[in-house]
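Excluded from the calculations below are hydrogen atoms, water molecules and symmetry mates; all remaining heavy atoms, backbone and side chain alike, are included.
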Amino acid sequence: MHHFDIDSAAPKVALYREIAGALDALTADEPDPVANMANAAALIWEYLPGINWAGFYRLIGDALVLGPFQGKVACIRIPMGQGVCGTAAAARATQLVADVNAFPGHIACDSASASELVVPIVHAGRLIGVLDIDAPTPGRFDAEDAAGCEALVALLAPRLARNGTA
């Protein structure tokens with residue numbers, strides 16, 4: 001595996017297709033959700049250029065609790081509805097934030113993060129958690145990134161719900 005240049009000739013659609021293929025192969029036969037989240041975080045970290053954090057928060061009770069990730073140490077618990085992650089979880093809608101400092105109630109786990117993409121993970125009507133990706137540059141993520149990550153989450157969601165827990 002290798003990092004791609006942001007200015008690479010390969011379009012993002014192809015990049016996300018490649019990530020999805022690798023994620024499918026890694027998680028197809030593994031029932032453990034933590035193992036699958038760990039490999040997904042590592043894969044995203046390896047493939048996506050220009051990011052400084054990639055990982056998961058799992059819904060436990062009424063809070064999002066830190067799961068497997070790549071990057072600096074992070075906030076451990078995020079209340080539903082708070083920050084970008086809590087907003088994505090409560091709304092069950094992807095949050096694409098070009099400037100986290102302009103986001104109401106942003107929780108700064110890493111002051112180096114400037115933009116963020118958070119995709120809720122929902123399976124059979126149940127919120128499992130969120131995929132959270134941060135970048136040190138404003139405006140790092142666009143609609144293609146959102147669609148690509150939503151496709152990754154769609155692939156992953158049933159594999160995180162297999163044994164009924166995340």
Side-chain angles (χ1 to χ4, degrees), residues 1-6 8 10-61 63-78 83-86 88-89 92-97 107 109-110 112-113 115-136 140-142 144-166:
M1 285 186 271
H2 51 285
H3 282 282
F4 289 81
D5 293 325
I6 290 177
S8 163
K12 283 185 186 177
V13 172
L15 172 60
Y16 281 104
R17 192 176 300 122
E18 192 170 341
I19 298 171
L23 185 62
D24 186 31
L26 282 168
T27 62
D29 298 322
E30 178 50 57
D32 186 80
V34 174
N36 286 334
M37 283 185 271
N39 266 336
L43 195 64
I44 290 166
W45 179 258
E46 184 71 26
Y47 270 80
L48 280 190
I51 63 172
N52 64 337
W53 202 91
F56 295 87
Y57 280 89
R58 302 161 302 134
L59 180 63
I60 298 178
L64 292 170
V65 179
L66 183 64
F69 71 92
Q70 297 280 319
K72 288 186 179 180
V73 297
C75 302
I76 297 171
R77 289 183 177 268
I78 299 175
V84 182
C85 287
R92 295 190 179 198
T94 297
Q95 302 295 306
L96 180 60
V97 182
I107 302 166
C109 297
D110 180 355
S113 293
S115 56
E116 188 167 6
L117 174 61
V118 182
V119 180
I121 306 166
V122 179
H123 180 69
R126 179 173 72 94
L127 179 71
I128 295 171
V130 300
L131 167 63
D132 181 19
I133 307 174
D134 295 353
R140 160 63 184 85
F141 305 105
D142 60 18
E144 283 186 324
D145 291 297
C149 288
E150 285 169 350
L152 296 178
V153 163
L155 172 70
L156 204 52
R159 296 170 186 191
L160 299 182
R162 272 191 189 135
N163 66 0
T165 62

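- With sequence neighbours excluded, no residue satisfies side-chain hydrogen bond (donor to acceptor under 3.5 Å, both in side chains) with Glu144.
- Note that the CG atom of Leu26 and the CG atom of Asn39 stand 4.5 Å from one another [nearest 0.5 Å].
- For Ala41, the side-chain contact (heavy atoms from CB on, under 4.5 Å) partners are Phe56, Gln70, not counting sequence neighbours.
- No side-chain heavy atom of Val130 sits under 4.5 Å from any side-chain heavy atom of Val153.
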Practice prompt. Apply side-chain contact (heavy atoms from CB on, under 4.5 Å) to the pair Lys72 and Asn52, showing each step before the final yes or no.
Written response: CA-CA 8 Å; Lys72 288 186 179 180; Asn52 64 337; over 6 Å; no

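- Considering every non-hydrogen atom in both Ala89 and Leu127, the closest pair reads O-CD2, 3.6 Å.
- Side-chain contact between Val97 and Ser115: absent, with no pair of heavy atoms (C-beta onward) separated by less than 4.5 Å.
- Residues satisfying the side-chain contact (heavy atoms from CB on, under 4.5 Å) criterion with Ala38, sequence neighbours excluded, are Pro68.
- Evaluation of the side-chain hydrogen bond (donor to acceptor under 3.5 Å, both in side chains) rule for Asp145 yields Lys12, Tyr16, Arg140 as partners, not counting sequence neighbours.
- Between the Trp45 side chain and the Gly71 main chain, no donor and acceptor come within less than 3.5 Å of each other.
- Qualifying side-chain contact (heavy atoms from CB on, under 4.5 Å) partners for Ala157, counting only residues two or more places apart in sequence or in other chains: Ile121, His123.
- Around atom CZ of Arg77, no more than 12 heavy atoms belonging to other residues, nucleotides or ligands sit under 6.0 Å away.
- Nearest heavy atom pair, residue Glu116 against residue Cys85, reads OE2-SG, 4.0 Å.
- With rounding to the nearest 0.5 Å, the separation of CG in Asp132 from CD in Gln95 is 11.0 Å.
- The heavy-atom pair separating Met37 from Arg58 by the smallest distance is CE-CD, 3.6 Å.
- In terms of the side-chain contact (heavy atoms from CB on, under 4.5 Å) criterion, residue partners of Ala35 (sequence neighbours excluded) are, by chain and number, Glu30, Asp32.
- Residue Asp142 holds its CG atom at 9.5 Å from CG of Leu117, rounded to the nearest 0.5 Å.
- Within the 4.5 Å cutoff, the side chain of Leu66 has heavy atoms near those of the Tyr57 side chain.
- Thr27 is linked by a side-chain hydrogen bond (donor to acceptor under 3.5 Å, both in side chains) to Arg159, counting only residues two or more places apart in sequence or in another chain.
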Item to complete: Please assess Leu48 against Ile19 for the test side-chain contact (heavy atoms from CB on, under 4.5 Å), listing each intermediate value before the final yes or no.
Response: CA-CA 9 Å; Leu48 280 190; Ile19 298 171; 4.1 Å; yes

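- The shortest distance between side-chain heavy atoms of Ile51 and Ile44 falls below 4.5 Å.
- Between Leu156 and Leu23, the closest heavy-atom pair is CD1-CD1, 4.1 Å.
- Nearest heavy atom pair, residue Phe69 against residue Ala74, reads CZ-N, 4.5 Å.
- The line from CG of Leu64 to CD1 of Ile76 is 13.5 Å long, rounded to the nearest 0.5 Å.
- Closest approach of Pro120 to Thr94, counting heavy atoms only: CD-N, 3.6 Å.
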